[in-house]
Amino acid sequence: MQDHKKNILSTRPVDGLLVTQAITRNIHLEVIPFIETEPLQSIEVQQEIELAATEFATVVFTSMNAVESVTHMLDGEVPQWRIYCMGHKTKQLVDAYFGEQAVAGTADSALRLADEIIENEDAEEVIFFCGDHRRDELPAKLDSHGIAVNEVTVYQTILTTRKVEKDYDAILFFSPSAVESYFIKNKPASNTVMFAIGNTTRQTIEKYCSNRIIVSALPGKDKLVEQAMEYLSVRREA
């Protein structure tokens, strides 16, 4: 008799290969984005980026969206920045545009990235390119160590809340904003396992439900998808 198909909801787009892998494991991986991001293409933002490009600045990126927004406005110009960024996809974008030599440090969380900056930099100020829903951890940590943070908001996050029509065995969240958007109109079944990309996202989920939460064991968004598929496969075999 065929095993019951498991259902996973991903609240952000994922690589198509992962969807295919899920099918081979009798898992239906459905993608319903709960947030969208848009670059802020105003004259003020453009001027901030152009000014920063003239400086030998220490720059911080904690998201792919910030890198994409800034590099679009730089339009081929490559400033001489010392860059601290999150690892994996964000670093890949930084490497591709600025070169690997521009990366002064990476980390898997904003707090660890702040520690890298504090340990390795004697700069009095950093430029933090971020979104309008950025978390407080990094700016607060740097400020507490006497490093001023010049925040330049280069993209905005838009909640795309919607009602889902079925229950899932697992739901994957990649940001606190997606958690907030999902819970505006939805309540998961009590046996749905929630997967979180990191502890900040986990803490946000805990505000809304008491379901089991599993935090990604490895950094990287694809790793969270793979972990959820492995978890459901093992439960089926048990």
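Remember, predicted model here, so these are calculated numbers, not experimental data.
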K.L.:
Go through it in stages, so that I can follow the logic: the residues are Glu55 and Ile127, the test is side-chain contact (heavy atoms from CB on, under 4.5 Å), and I'd like the CA-CA distance, side-chain angles, deciding distance and then a yes or no.
P.N.:
CA-CA 11 Å; Glu55 303 173 356; Ile127 299 172; 4.0 Å; yes
K.L.:
With a 4.5 Å cut-off on side-chain heavy atoms, are Val179 and Lys207 touching?
P.N.:
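Counting from C-beta outward, Lys207 and Val179 never come under 4.5 Å.
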K.L.:
For the side chain to side chain donor-acceptor pair (under 3.5 Å) test, which of Thr90, Thr157, Thr37 pairs with Asn65?
P.N.:
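Considering Thr90, Thr157, Thr37, a side chain to side chain donor-acceptor pair (under 3.5 Å) with Asn65 is found only for Thr37.
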K.L.:
How long is the span from the CD atom in Glu100 to the CD atom in Gln92, to the nearest 0.5 Å?
P.N.:
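With rounding to 0.5 Å, CD (Glu100) is 10.5 Å from CD (Gln92).
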K.L.:
Starting from Met86, can I reach Leu93 by hopping between I/L/V/M/F/W/Y residues whose side chains sit under 4.5 Å apart?
P.N.:
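Unlinked, Leu93 and Met86 end up in two clusters.
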K.L.:
Under a 4.5 Å side-chain heavy-atom rule over Ile, Leu, Val, Met, Phe, Trp and Tyr, are Tyr155 and Val152 clustered together?
P.N.:
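Yes, it is one cluster - the side chains of Tyr155 and Val152 are joined through contacts under 4.5 Å.
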K.L.:
Step by step, would you call Tyr182 with Tyr208 a ring-ring contact (aromatic ring centres under 6.0 Å, His included)?
P.N.:
CA-CA 10 Å; Tyr182 169 85; Tyr208 294 98; 9.1 Å; no
K.L.:
Can you see which heavy atom on Thr160 is nearest to which on Pro33, and at what distance?
P.N.:
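Where Thr160 meets Pro33 most closely, the heavy atoms are OG1-O, 3.2 Å.
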K.L.:
Checking side-chain contact (heavy atoms from CB on, under 4.5 Å) for the pair Asp222/Lys89: CA distance, chi angles, key distance, verdict?
P.N.:
CA-CA 10 Å; Asp222 289 354; Lys89 292 294 180 66; 4.1 Å; yes
K.L.:
So does Ala66 get a backbone contact from the side chain of Ser69, meaning a donor-acceptor N/O pair under 3.5 Å?
P.N.:
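Not a single qualifying donor-acceptor pair exists.
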K.L.:
Before giving the answer on side-chain contact (heavy atoms from CB on, under 4.5 Å), spell out for Val126 and Glu121 the whole-Å C-alpha distance, their side-chain angles and the decisive distance to 0.1 Å.
P.N.:
CA-CA 10 Å; Val126 301; Glu121 289 294 317; 5.8 Å; no
K.L.:
Side-chain contact, heavy-atom cut-off 4.5 Å: Asn7 with Lys166?
P.N.:
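Yes; the side chains approach each other to less than 4.5 Å.
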K.L.:
Going by heavy atoms in the side chains, are Phe173 and Ile197 under 4.5 Å from each other?
P.N.:
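Sidechains of Ile197 and Phe173: no contact.
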K.L.:
Is any side-chain heavy atom of Leu224 less than 4.5 Å from a side-chain heavy atom of Ser10?
P.N.:
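In short, these two side chains do not touch, never coming nearer than 4.5 Å.
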K.L.:
If you round to the nearest 0.5 Å, how far is OG1 of Thr11 from CG of Asn186?
P.N.:
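The distance works out to 11.0 Å.
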K.L.:
With a 4.5 Å limit on heavy-atom distance, are the side chains of Ile8 and Met229 in contact?
P.N.:
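The answer is yes, as the side chains (C-beta and beyond) meet within the 4.5 Å cut-off.
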K.L.:
Report yes if the side chains of Phe183 and Pro188 come closer than 4.5 Å at any heavy-atom pair, otherwise no.
P.N.:
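Answer yes - side chains close enough.
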K.L.:
With rounding to the nearest 0.5 angstrom, report the NE2 to CG distance, His28 to Leu9.
P.N.:
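Output value for this atom pair is 9.5 Å.
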K.L.:
Taking the side chain as everything from C-beta on, heavy atoms only, tell me whether Arg12 gets closer than 4.5 Å to Ile35.
P.N.:
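No - every pair of side-chain heavy atoms lies 4.5 Å or more apart.
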K.L.:
Could you pull out the closest heavy-atom pair between Ile147 and Ala123, with the gap in Å?
P.N.:
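Distance-wise, the nearest heavy atoms are CG1-O, 3.9 Å.
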K.L.:
What heavy-atom pair brings Glu206 and Ile213 nearest, and what distance separates the two atoms?
P.N.:
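Heavy atoms only, the tightest pair is CG-CD1, 3.5 Å.
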K.L.:
Could you check whether Arg112 pairs with Glu116 (Lys NZ or Arg NE/NH1/NH2 to Asp/Glu carboxylate O, under 4.0 Å)?
P.N.:
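No, Arg112 and Glu116 are not salt-bridged.
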K.L.:
Pair Arg134, Glu151 - check side-chain contact (heavy atoms from CB on, under 4.5 Å), show working.
P.N.:
CA-CA 10 Å; Arg134 71 106 179 98; Glu151 294 185 29; 2.9 Å; yes
K.L.:
What is the distance from atom NE2 of His133 to atom CG of Leu159, rounded to the nearest 0.5 Å?
P.N.:
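One gets 5.0 Å once the value is rounded to the nearest 0.5 Å.
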K.L.:
Ignoring hydrogens and angles, tell me if any N or O in the side chain of Asn26 forms a donor-acceptor pair with the backbone of Lys6 under 3.5 Å.
P.N.:
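No, the answer is negative, given that no donor and acceptor are paired below the 3.5 Å cut-off.
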K.L.:
Search all heavy atoms of Asn211 against all heavy atoms of Asn191 and return the closest pair with its distance.
P.N.:
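What the structure gives for the nearest pair is ND2-N, 4.5 Å.
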K.L.:
Give me the atom names and distance for the closest heavy-atom approach of Pro139 to Phe128.
P.N.:
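Closest pair (atom of Pro139, atom of Phe128, distance): CG-CE2, 3.9 Å.
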K.L.:
Are Val103 and Phe98 co-members of a hydrophobic cluster defined by side-chain heavy atoms under 4.5 Å apart?
P.N.:
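Same cluster.
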K.L.:
Under 4.5 Å between any side-chain heavy atoms of Ile49 and Phe129, yes or no?
P.N.:
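With C-beta onward as the side chain, the pair touches.
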K.L.:
Near His72 NE2, under 6.0 Å, is it more than 12 heavy atoms from other residues, nucleotides or ligands?
P.N.:
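Open: at most 12 neighbouring heavy atoms sit under 6.0 Å from NE2 of His72.
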K.L.:
Taking all non-hydrogen atoms of both residues, which atom of Val45 and which atom of Thr153 are closest, and how far apart?
P.N.:
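Taking every non-hydrogen atom into account, CG2-O, 3.6 Å.
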K.L.:
State plainly whether one hydrophobic cluster holds both Ile27 and Phe195, where clusters connect Ile, Leu, Val, Met, Phe, Trp and Tyr through side-chain heavy atoms under 4.5 angstrom apart.
P.N.:
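Ile27 clusters together with Phe195.
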K.L.:
Are more than 12 heavy atoms from other residues, nucleotides or ligands located less than 6.0 Å from atom NZ of Lys91?
P.N.:
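Counting other residues, nucleotides and ligands, NZ of Lys91 exceeds 12 neighbours.
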K.L.:
Tell me whether Val149 is reachable from Phe61 by hopping between hydrophobic residues (I, L, V, M, F, W, Y) whose side-chain heavy atoms are closer than 4.5 Å.
P.N.:
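In one cluster with Phe61: Val149, no.
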K.L.:
What distance separates Glu36 CD from Ser177 OG, expressed to the nearest 0.5 Å?
P.N.:
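Here the interatomic distance stands at 13.0 Å.
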K.L.:
How far does CD1 of Ile158 sit from OG of Ser181, to the nearest 0.5 angstrom?
P.N.:
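The OG atom of Ser181 is 11.0 Å from CD1 of Ile158, to the nearest 0.5 Å.
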K.L.:
Looking only at atom types and distance, does a side-chain atom of Thr106 sit under 3.5 Å from a main-chain N or O of Cys85, one as donor and one as acceptor?
P.N.:
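A pair under 3.5 Å: no.
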